[in-house]
Chemist: 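Before anything else, here's the structure in question.
Below, chains carry the letters A, B, ... as their sequence lines are ordered, and counting in each starts from 1. Nothing here was measured: the structure is a model prediction, and the numbers come from that model.
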Amino acid sequence: MPIRVYSTLTRQKEEFQTVEPGKVSMYLCGPTVYKPAHIGHMVGPVIFDTIKRYLAYSGYQVTWVVNITDVDDKLIVKANELGTTVEALARKMTEDYLDNLRTLGVDGIDHMPYATQYIQEMQEIIAGLIEKGFAYPLDGDVYFECTKDADYGKLSGRNLTEMLAGTRAETRDGKHNPADFALWKGSKPGEPAWDSPWGPGRPGWHIECSAMARKLLGDTIDIHGGGLDLMFPHHENELAQSESCTGKPFARYWLHNGLLRKSGAGGKIGGDHSRHGDVAASQTADILAEKQAQEEQKLAGSKGAESVKSAVFAKFDPETVRFFLLATHYRSPVDFGDDRLAETAKSIDGFYRLIESFGRATGKDFYSLTVPATRAESNRVWAASASERLSYENELTALRTRFLDAMDDDFNTGAATAALFDLRKTLNSFITDQKLEADGKSNIAAQSALHRGVSLFKELSNILGVFRKPLEKKSTGGGDDEFVNSLMQLLISLRAEARKTKQFEIADNVRKGLTELKVTLEDRPEGTLWRREA
RNA sequence: GGGGCCGUAGCCAAGUGGCUAAGGCAACGGAUUGCAAAUCCGUCAUCGUGGGUUCAACUCCCACCGGCCCCUCCA
């Protein structure tokens, strides 16, 4: 099955075909680094990281660029406010951003260009646009003239004239058209500035992406990604500039991820929605208050949401967060909140149980298993198994196909995770049926069959970038220091004796006491296991 | 006012013009257990409402109701 992707440009799924066979160029709009990253900033990176993993798994050589915008009005304002320089602020916030990416396992980014290092390239594009008549200088600024671009608005489905009719966009004196946007902004004294043919200034918001994408990936890139909120005006303008400049398609596929919403806390916003047109003057205040509330509900509001570290990672393991983000379709909006993450944490708990169980059954460490890194390699492994007629093997094969089919279909990670849950069930059943944790331990054939199945689980998990390491906040027997471990063994053996002599009250009191300390005991035929809950 | 998205069980959520509508959480029943835990099995949806197209729609079209996003800095 070929890979199919949904492109915003055509509003439908298309068969994925790259400019250059076997290679993929991918550009994701990164952050403007003027404040600490919030969880919403992580959605795109996690999703596109997963997309890159899957494309690489599928045999493509992928080059992924995420830019850092380190010059911008917001940056200037914030730096002044904090009494620091734009440069220092940008550096600090970039570190914060990178730190969060690392935590979430986003490690597939190949280039992270800084806007300020591509001023030259931006100026070349601007000069080219002026020359071709798509742009005009105006008192130290340069504007892109939207009406000169015949298909302006094609990405976001807007019609220029209708757009202008509805909006009350402020028109700067001299702009040919209210929709014209700045390619270059003349600077006031004290602001960061670069020399240019149009006077000292700084780049407009959109031009950086056009310049960096072109420089690093070429005139036509395969995948351009970003949050849905960037579709207009940012991507629309980027596209207009780039295509007007090069005369070639800017991106083959435009992928937009849905935005996060804050769930829980704020509650729902008013039930009664009056139309804006027929609001009495007295109600205006209410409307404004409601607007304000809506702003706060949005994670990206100008208020500045809590940083990821304090808001999320303090409470939840990054693996949980990543799994949560991938459990729904990347194009859907998602309610983000503690309740939801807690549910995810619970739902993936069983995977860690399985991993531990595998360790006990085979004596092998899941995290250091070597598994196929590409689909081709994996195909060879699973083609060979066709001769073995175990129903277990057939189940594995079917689940593998289900997972890969889901990913082929516009990176449907939600459906893919469902296959993972079923795979978990299959593996657990196999362990139980073959008594691999009890007297079936010596069954070498069954052990290797389990090894095979668990390897598949790891292979598929790797594609999503989950279950790459044990949960940090949990430890199972052996995970703590020697002292704790010894104490636990002592308690367990004392309790075992009580149980042997049917002194269940004592045994249960021990367990109850441990439960209060967030330690859970599992009495199994082979012995008692313990683990700490988060 | 203009552009776009969504509405699937108590909750989250995938998906399809026609076989039994994934998966997770919760709940309930069962196997297992001294009791638990873990694991497994089972139960739990006429797919917002009303029309239309079709042999056939939850899936396509229209209307309505409800929710959301963009049009202003936003991942």
Chemist: Expressed in whole Å, how much space separates the P atoms belonging to C61(B) and U16(B)?
Modeler: 14 Å
Chemist: Apply ring pair (Phe, Tyr, Trp, His ring centres under 6.0 Å) to His41(A) and list each qualifying residue two or more places apart in sequence or on a separate chain.
Modeler: His38(A)
Chemist: The criterion is salt bridge (charged side-chain N to carboxylate O under 4.0 Å, His left out); which residues satisfy it with Asp410(A), sequence neighbours excluded?
Modeler: Arg331(A)
Chemist: Roughly, in whole Å, what's the span from CE in Met93(A) to P in A75(B)?
Modeler: 14 Å
Chemist: Name the pairing partner of G1(B), where a pair is Watson-Crick or G-U wobble with both distances under 3.5 Å, or state none.
Modeler: C71(B)
Chemist: Under a 3.5 Å cut-off for both distances, is G29(B) Watson-Crick or wobble paired, and to whom?
Modeler: C41(B)
Chemist: What interatomic distance, in whole Å, is found between C1' of C25(B) and the corresponding atom of C64(B)?
Modeler: 34 Å
Chemist: Please pick, from A22(B), A14(B), A75(B), the nucleotide with the shortest atom-to-atom distance to any side-chain atom of Arg402(A).
Modeler: A22(B)
Chemist: Please give, in whole Å, the distance from A75(B) C1' to Tyr27(A) OH?
Modeler: 13 Å
Chemist: Could you write nucleotides 37-42 of chain B as a row of B, S and -, 5' to 3', where a protein heavy atom under 4.0 Å of any base atom gives B, of only sugar-phosphate atoms gives S, and otherwise -?
Modeler: BSSSS-
Chemist: Check nucleotides 26-30 of chain B for protein N or O atoms closer than 3.5 Å to its own N or O atoms and list the pairs.
Modeler:
none

Chemist: For Lys441(A), does the NZ atom have more than 12 heavy-atom neighbours from other residues, nucleotides or ligands under 6.0 Å away?
Modeler: yes
Chemist: Roughly how many Å is it from CZ in Phe181(A) to C1' in C73(B), rounded to a whole number?
Modeler: 16 Å
Chemist: Which of these nucleotides, C69(B), C25(B), G23(B), is closest to any side-chain atom of Leu259(A)?
Modeler: C69(B)
Chemist: Rounded to whole angstrom, note down the C1' distance from A9(B) over to A22(B).
Modeler: 14 Å
Chemist: Return each pair, listed once, that meets salt bridge (Lys or Arg N to Asp or Glu O under 4.0 Å) where at least one residue sits in residues 520-530 of chain A; pairs must be two or more places apart or across chains.
Modeler: Glu437(A)-Arg524(A), Arg495(A)-Asp523(A), Arg499(A)-Asp523(A), Arg511(A)-Asp523(A), Glu522(A)-Arg524(A), Glu522(A)-Arg531(A), Arg524(A)-Glu526(A)
Chemist: Checking contacts here: which listed nucleotide (U16(B), A75(B), C70(B)) is nearest the side-chain heavy atoms of Phe232(A)?
Modeler: C70(B)
Chemist: Should the ring pair His235(A) and Trp254(A) be called parallel, tilted or perpendicular, given that the plane angle runs from 0 to 90° and is split at 30 and 60?
Modeler: tilted
Chemist: In the structure shown, which nucleotide is the Watson-Crick or G-U wobble counterpart of A56(B), with both distances under 3.5 Å?
Modeler: none
Chemist: Counting side-chain heavy atoms from C-beta on, which of A14(B), A75(B), G34(B) comes nearest to Arg499(A)?
Modeler: G34(B)
Chemist: With a 3.5 angstrom cut-off on both distances, give the Watson-Crick or G-U wobble partner of A63(B), or none if there isn't one.
Modeler: U49(B)
Chemist: Could you list by number each residue of residues 501-514 of chain A showing a heavy-atom separation from RNA chain B of less than 4.0 Å, or answer none if no residue does?
Modeler: Phe504(A), Asp508(A), Arg511(A)
Chemist: How would you label the contact of Asp72(A) with the nucleic acid (heavy atoms, under 4.0 Å): base, sugar-phosphate, or nothing?
Modeler: nothing
Chemist: C40(B) and C71(B): how far apart are their P atoms, nearest whole angstrom?
Modeler: 46 Å
Chemist: Kindly assign one of parallel, tilted or perpendicular to the pair Tyr152(A) and Phe232(A), based on the angle between their ring planes and the thresholds 30° and 60°.
Modeler: perpendicular
Chemist: Please report the distance separating the C1' of C47(B) from the corresponding atom of U59(B), rounded so that it comes out in whole Å.
Modeler: 9 Å
Chemist: Quick one: list whatever passes salt bridge (charged side-chain N to carboxylate O under 4.0 Å, His left out) with Asp107(A), sequence neighbours left out.
Modeler: Arg53(A), Arg468(A)
Chemist: Take atom CE of Met42(A) and atom P of A75(B), then tell me their distance rounded to the nearest Å.
Modeler: 10 Å
Chemist: More than 12 heavy atoms of other residues, nucleotides or ligands under 6.0 Å from CD of Gln12(A): is that the case?
Modeler: yes
Chemist: Once you apply a heavy-atom cut-off of 4.0 Å, does Asp422(A) come out as touching a base, just sugar-phosphate, or nothing?
Modeler: sugar-phosphate
Chemist: Contact class for His234(A) (heavy atom, under 4.0 Å): base, sugar-phosphate, or nothing?
Modeler: nothing
Chemist: Show your working on salt bridge (charged side-chain N to carboxylate O under 4.0 Å, His left out) between Arg202(A) and Asp73(A) and close with a plain yes or no.
Modeler: CA-CA 10 Å; Arg202(A) 62 180 182 277; Asp73(A) 295 8; 2.6 Å; yes
Chemist: Does Asp335(A) or Asp409(A) map to a spot on RNA chain B nearer the 5' end, using the closest nucleotide for each?
Modeler: Asp335(A)
Chemist: Please examine the side chains of Leu260(A) and Met42(A), heavy atoms only from C-beta on, and report whether any two atoms are closer than 4.5 Å.
Modeler: no
Chemist: Answer with base, sugar-phosphate or nothing: what part of the nucleic acid does Ser357(A) contact at a heavy-atom distance below 4.0 Å?
Modeler: nothing
Chemist: Got Trp64(A) and Asp49(A) here, is their nearest side-chain heavy-atom distance under 4.5 Å?
Modeler: yes
Chemist: Round to the nearest Å and state the distance from Arg158(A) atom CZ to G1(B) atom P.
Modeler: 17 Å
Chemist: Partners of Phe457(A) by ring pair (Phe, Tyr, Trp, His ring centres under 6.0 Å), sequence neighbours excluded?
Modeler: Phe351(A), Phe366(A), Phe467(A)
Chemist: Would you check if the side chain of Arg158(A) reaches a backbone N or O of Gly153(A) as a donor-acceptor pair within less than 3.5 Å?
Modeler: no
Chemist: With a 4.0 Å cutoff (strictly under), does any side-chain N or O of Asn159(A) reach OP1 or OP2 of G2(B)?
Modeler: no
Chemist: Can you list the residues that meet the salt bridge (charged side-chain N to carboxylate O under 4.0 Å, His left out) rule with Glu81(A), with sequence neighbours excluded?
Modeler: Lys78(A)
Chemist: Have a look at Gly153(A) and say if it touches a base, only the backbone sugar-phosphate, or nothing, with a 4.0 Å heavy-atom cut-off.
Modeler: nothing
Chemist: Can you check each nucleotide of nucleotides 4-11 of chain B against protein heavy atoms at under 4.0 Å and return B for base, S for sugar-phosphate only, - for none, in 5' to 3' order?
Modeler: S-------
Chemist: Nearest whole angstrom, please: distance from the C1' of U33(B) to the CD of Glu526(A).
Modeler: 13 Å
Chemist: Using atom C1' of each nucleotide, how far apart are C28(B) and G10(B) to the nearest Å?
Modeler: 13 Å
Chemist: Roughly how far apart, to the nearest Å, are G17(B) and C6(B) at atom P?
Modeler: 15 Å
Chemist: For Phe324(A) and for Asn412(A), locate the closest nucleotide of RNA chain B by heavy-atom distance; then report the residue assigned to the nucleotide nearer the 5' terminus.
Modeler: Phe324(A)
Chemist: With a 6.0 Å cut-off (strictly less than), is the heavy-atom count around NZ of Lys154(A), excluding the residue itself, greater than 12?
Modeler: yes
Chemist: For Tyr97(A), enumerate each residue passing the ring pair (Phe, Tyr, Trp, His ring centres under 6.0 Å) test, keeping only those at least two apart in sequence or located in another chain.
Modeler: none
Chemist: In whole Å, I'd like the distance from the CG atom of Asp96(A) to the P atom of A75(B).
Modeler: 13 Å
Chemist: When the P atoms of U53(B) and C58(B) are considered, how many whole Å apart are they?
Modeler: 15 Å
Chemist: Could you tell me the separation between the CD atom of Glu437(A) and the C1' atom of U33(B), rounded to a whole number of Å?
Modeler: 16 Å
Chemist: In the structure shown, which nucleotide is the Watson-Crick or G-U wobble counterpart of G17(B), with both distances under 3.5 Å?
Modeler: none
Chemist: Once salt bridge (charged side-chain N to carboxylate O under 4.0 Å, His left out) is applied, do any residues pair with Lys74(A), and if so which ones, sequence neighbours excluded?
Modeler: Asp72(A)
Chemist: Select base, sugar-phosphate, or nothing to describe what Leu420(A) touches, counting heavy atoms under 4.0 Å on all strands.
Modeler: nothing
